[in-house]
Structure formats: structure tokens, C-alpha cells
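One structure below.
Residue indices begin at 1 and follow the sequence shown. All ligand and atom numbering here is 1-based and tracks the order in the structure.
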Amino acid sequence: MHKLFAQPGWGSALAEAQLAWYGLPVEIEDVGNLFKSADARARLAKVNPLSQLPTLVLPDGRIMTESAAITLHLADRASADRSLVPMSPGGERDHFLRWLIFLVANIYPTFTIGDDTSRWLAGEAPQKELSDAMNAYRERLWRVVDGVVGNGPWFLGVRFSALDIYITVMTRWTPRRAWFEANTPGLHALALRGDAVPELAAVWRRNFPPPATAAG
Ligand SMILES: N[C@@H](CCC(=O)N[C@@H](CS)C(=O)NCC(=O)O)C(=O)O
């Protein structure tokens with residue numbers, strides 16, 4: 001069985017959703033807030049030197065980190081008709097690889113740098129400046145991605161892929177869905193379709209529970 005180090009709503013949701021899609025049983029250990037809990041970081045550092053999520057322990061005990069590596073690893077073991085990665089060499093796979101790596105190499109680092117700028121700079125003003133710069137750059141990157149999303153229903157057209165899981169999860173993060181709705185309608189529509197995938201409903205509920213409504 002796989003074991004996933006996780007935290008609801010964090011990058012582990014990328015792996016959790018793919019494991020659910022493939023019907024792979026998984027033990028989930030929520031580690032806590034890595035930016036607030038030294039204990040959470042220390043616990044994760046034993047298996048991932050960067051203390052990052054997702055961190056996946058494979059059934060044979062080996063450790064996989066890096067969400068794109070996890071995505072390709074799981075697809076290698078999936079049946080062709082269920083695969084979240086186009087496996088045949090050609091245009092669809094090339095397009096998939098380009099944008100998968102774009103997401104993890106360009107957009108994901110804006111969170112790594114911007115989530116807690118006190119890791120890199122002293123002083124509130126420089127920290128805020130860096131955070132603002134990361135937010136602005138991220139928005140620019142998302143507009144680039146929006147420019148390549150067609151009419152769907154999915155990133156690759158008719159084929160549902162791991163890119164749709166990334167978009168569905170990452171559009172929950174800053175600048176969040178209202179910004180995507182106003183500025184990148186293609187990505188927003190895709191994310192809403194991703195929210196509605198029945199096989200992923202339980203994962204989305206666990207990671208992005210609807211806000212509690214006031215009683216009475
Ligand atoms: N390149 C990594 C990035 C993972 C990442 O930055 N995860 C965030 C959570 S969403 C994290 O663990 N941040 C803690 C940190 O950077 O110290 C991947 O694609 O898996």
C-alpha cells in the first residue's frame with residue numbers, strides 16, 4: 001500500500017487525487033502546517049530533505065517526491081485507458097509534458113518562494129515586496145496558461161489528464177477562484193469541471209471542504 005504524507009488543501013492533494021483516480025489504496029498521514037510547526041517539518045525531513053508535500057512512500061518503501069515525478073510514476077503503472085498521462089510519443093504527450101513542467105517549474109516555485117518570505121529575507125517591507133512580486137508573477141504565468149487552454153472540456157481537449165487535476169487544485173490557492181473567474185475564464189471553467197469529477201469527489205471534500213454555513 002502507498003503512504004502519502006499530506007495536509008488538506010496542500011500540494012499533497014495532487015497526489016491524493018491521482019491515487020484515488022487509479023483506485024490505489026493509500027494510508028494518509030496529515031503532517032500539519034509546515035510553516036507553523038517545527039515538529040511537522042522535522043517529521044517530514046526524515047523522508048524528504050526539503051520537508052515538502054507531496055511526499056509519497058511507495059509500496060516497496062521507496063520515497064517519491066516532486067509531484068510531476070509522482071504523476072509520471074503512477075502513470076507508468078496504470079492501464080492505458082485510465083492513464084492520466086498520454087503515454088504514446090506524439091503531439092498530445094509533448095503538449096502534456098510541456099505544460100506539466102511549466103506548472104511545476106514556473107508556477108509552483110512562486111509558492112515555494114512566496115508562501116513564507118521570512119525564510120529568505122529579514123524585515124517586513126522586503127518580505128512584503130517579495131511576496132507581492134511572487135503574486136504578480138504568478139498571475140502573469142496563469143494568464144499564459146489560460147492562453148493555451150482551448151474550449152475543453154479538458155486541458156488536452158477531450159482527454160482528462162493530470163493537468164486537469166493540477167489546475168483544479170492550484171486554482172484553489174492564491175490568487176484563488178474569484179480571481180481566476182474574473183481574469184482567466186478558461187482555467188476557471190476547467191477547474192469547475194475538475195471539481196465535478198465523481199471519482200475525485202471524496203478527495204475534494206477532504207481537501208477543500210465547503211465553508212461551514214452559520215446555523216440558524
Ligand atoms: N516541486 C515540488 C514543490 C512542492 C511544494 O512546494 N509543496 C509545498 C506545499 S503545497 C510545500 O511543501 N512547501 C513547504 C516548503 O516549501 O517548505 C512538487 O512539485 O512537488
Side-chain angles (χ1 to χ4, degrees), residues 2-22 24 26 28-58 62-76 84-85 96-122 127 130-131 133-135 137-139 141-142 145 155 161-177 179-180 187 191 194 200 203-204 206-209:
H2 290 83
K3 174 173 176 175
L4 180 66
F5 290 94
Q7 182 64 5
W10 291 44
S12 46
L14 301 165
E16 195 177 328
Q18 294 184 55
L19 290 159
W21 173 264
Y22 292 128
L24 295 168
V26 58
I28 293 177
E29 180 174 329
D30 286 337
V31 292
N33 186 326
L34 292 168
F35 297 115
K36 295 193 173 147
S37 162
D39 180 55
R41 288 199 85 78
R43 204 147 34 109
L44 202 49
K46 289 184 188 148
V47 284
N48 179 348
L50 293 187
S51 291
Q52 285 186 339
L53 301 171
T55 296
L56 183 66
V57 188
L58 303 180
R62 285 179 299 131
I63 304 293
M64 283 296 285
T65 64
E66 300 303 324
S67 59
I70 291 169
T71 296
L72 298 174
H73 167 90
L74 293 175
D76 279 347
L84 288 165
V85 176
F96 175 91
L97 291 174
R98 177 181 175 194
W99 292 104
L100 174 70
I101 301 307
F102 187 97
L103 293 174
V104 297
N106 292 317
I107 298 186
Y108 219 146
T110 66
F111 293 100
T112 313
I113 296 166
D115 274 349
D116 178 5
T117 51
S118 69
R119 292 198 283 183
W120 324 115
L121 293 171
Q127 288 166 8
L130 179 58
S131 169
M134 285 300 108
N135 287 339
Y137 184 51
R138 185 185 308 128
E139 290 177 8
L141 293 169
W142 277 127
V145 182
F155 199 104
S161 77
L163 292 175
D164 305 305
I165 290 177
Y166 271 83
I167 303 293
T168 304
V169 170
M170 292 178 86
T171 53
R172 295 276 189 176
W173 303 343
T174 304
R176 303 194 190 279
R177 288 285 177 85
W179 182 90
F180 287 96
L187 286 175
L200 305 179
V203 173
W204 299 153
R206 192 184 103 78
N207 282 275
F208 308 106

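Interface of Trp10 with ligand 1, defined as ligand atoms under 4.0 Å from a residue heavy atom, comprises 9 (C). Close approach to Arg41 involves these atoms of ligand 1, each under 4.0 Å from a residue heavy atom: 15 (C), 17 (O). Every atom of ligand 1 is numbered from 1 in the order shown, and the set under 4.0 Å from a heavy atom of Leu34 is 12 (O). Proximity to Gly11 (heavy-atom distance under 4.0 Å) selects the following atoms of ligand 1: 10 (S). Each of the following atoms of ligand 1 lies closer than 4.0 Å to a heavy atom of Thr112: 6 (O), 16 (O). For ligand 1, the atoms sitting less than 4.0 Å from at least one non-hydrogen atom of Pro54 are 20 (O), numbered in the order shown with element in parentheses.
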Worked check of side chain to side chain contact (heavy atoms under 4.5 Å, CB included) between Leu163 and Leu103: CA-CA 9 Å; Leu163 292 175; Leu103 293 174; 4.0 Å; yes
Worked check of side chain to side chain contact (heavy atoms under 4.5 Å, CB included) between Thr110 and Trp142: CA-CA 11 Å; Thr110 66; Trp142 277 127; over 6 Å; no
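Under the 3.5 Å distance criterion, the side-chain polar atoms of Thr168 are matched with a main-chain donor or acceptor of Asp164. A donor-acceptor pair under 3.5 Å links the side-chain atoms of Tyr166 to the main chain of Ala68, judged by distance alone. For Trp21 (side chain) and Ala162 (main-chain N/O), no donor-acceptor pair under 3.5 Å exists by modelled atom type.
Remark: among candidates Tyr166, Phe111, Phe35, the nearest residue to atom 14 (C) of ligand 1 is Phe35, based on non-hydrogen atoms.
In terms of N/O distances under 3.5 Å, ligand 1 is approached by Ser67. Looking at Arg119 next to ligand 1, an N or O pair under 3.5 Å apart turns up.
Side chains of His2 and Leu56 form a contact here, defined as non-hydrogen atoms less than 4.5 Å apart.
Proximity of the aromatic rings of Phe111 and Trp10 is defined here by a centroid distance below 6.0 angstrom, and this criterion is not met.
Scanning the protein heavy atoms around atom 12 (O) of ligand 1, the nearest turns out to be Leu53 N, 2.8 Å. Ranking the protein heavy atoms by distance from atom 1 (N) of ligand 1 puts Glu66 OE1, 2.6 Å first. Nearest non-hydrogen protein atom to atom 3 (C) of ligand 1 is Gln52 OE1, 3.5 Å.
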